[in-house]
Amino acid sequence: MIKIIWTLVLSSFLFLFTQPAFPKEVSQKSLDNLATKVSKKFSRTYCNTSNFGISEQGSMEFAIGETVKEFSKNKLIQLVNLEDINAKIVSNIERECQIFDFPVEELS
């Protein structure tokens with residue numbers, strides 16, 4: 001009998017004094033800033049490796065690896081729109097590297 005009363009008292013404390021968990025609100029501005037950072041990092045890495053004479057495929061793999069390594073621990077990376085990042089990458093590469101035949105389909 002004492003165990004039942006003790007269990008009821010403890011469970012009532014657990015349910016009465018718990019704090020509600022609210023989802024973290026993420027602003028669109030922070031997602032856009034993250035997409036810009038990712039695209040700049042990728043395009044900078046791709047341009048540098050292609051300027052060193054590494055092949056197009058090698059530059060692509062190296063840039064993807066470095067970008068993933070840098071941003072994999074960021075919790076917001078899963079919320080960013082990939083098509084937005086791809087568009088920004090292509091525009092950055094065209095502007096900075098003057099490479100106009102960039103293989104966009106390999107970014108997926």
Side-chain angles (χ1 to χ4, degrees):
M1 182 70 173
I2 294 176
K3 288 183 180 181
I4 295 172
I5 294 173
W6 184 249
T7 305
L8 289 174
V9 169
L10 279 178
S11 48
S12 66
F13 277 118
L14 289 175
F15 290 117
L16 291 176
F17 297 112
T18 58
Q19 302 247 343
F22 296 107
K24 183 178 179 182
E25 293 183 19
V26 179
S27 68
Q28 187 62 36
K29 184 177 180 180
S30 63
L31 291 177
D32 290 340
N33 288 341
L34 180 61
T36 303
K37 286 179 185 179
V38 169
S39 64
K40 283 184 180 181
K41 168 67 176 168
F42 181 89
S43 60
R44 238 183 295 124
T45 306
Y46 183 81
C47 290
N48 288 340
T49 54
S50 64
N51 287 341
F52 281 127
I54 298 176
S55 69
E56 182 178 298
Q57 185 67 24
S59 297
M60 177 77 69
E61 290 174 5
F62 184 75
I64 288 173
E66 287 294 312
T67 307
V68 166
K69 186 177 11 173
E70 184 170 333
F71 292 102
S72 64
K73 294 181 183 176
N74 194 327
K75 295 177 183 177
L76 297 178
I77 198 69
Q78 297 169 349
L79 302 174
V80 177
N81 186 2
L82 292 179
E83 287 133 14
D84 184 34
I85 291 176
N86 290 348
K88 288 181 180 185
I89 286 173
V90 170
S91 67
N92 284 343
I93 288 177
E94 287 177 353
R95 185 177 52 240
E96 294 174 9
C97 303
Q98 286 76 35
I99 298 175
F100 297 102
D101 57 344
F102 184 76
V104 181
E105 60 276 352
E106 291 184 23
L107 287 176
S108 60

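Note that the numbering runs from 1 along the sequence shown for the chain. These values consider heavy atoms only, across backbone and side chains, with no hydrogens, waters or symmetry-generated copies.
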Measuring from atom [atom1] of [X] to atom [atom2] of [Y], what distance do you get when rounded to the nearest 0.5 angstrom?
X	Y	atom1	atom2	answer
E96	C47	CD	SG	5.5 Å
E66	N48	CD	CG	11.0 Å
R44	T49	CZ	OG1	12.5 Å
K41	T45	NZ	OG1	4.0 Å
L79	S30	CG	OG	8.5 Å

Does CZ belonging to F62 count more than 12 external heavy atoms closer than 6.0 Å?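 Not buried by this count: 12 neighbours or fewer within 6.0 Å.
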Other residues, nucleotides, ligands: >12 heavy atoms within 6.0 Å of K37 NZ: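 Counting neighbours around NZ of K37, 12 or fewer heavy atoms of other residues, nucleotides or ligands fall under 6.0 Å, so no.
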[X] and [Y]: which non-hydrogen atoms are nearest, and at how many Å?
X	Y	result
I93	Y46	CD1-CD2, 3.8 Å
L76	L31	O-CD2, 4.0 Å
C97	S43	SG-O, 4.3 Å
I99	E94	O-CG, 3.5 Å
N92	S39	ND2-OG, 3.4 Å

Would you call [X] and [Y] a side-chain contact if the rule is heavy atoms closer than 4.5 Å?
X	Y	result
V80	I85	yes
K88	F42	no
D84	D32	yes
N86	V90	no

Are I89 and L34 in one and the same hydrophobic cluster, where Ile, Leu, Val, Met, Phe, Trp and Tyr link if side-chain heavy atoms are under 4.5 Å apart?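 Linked within one cluster.
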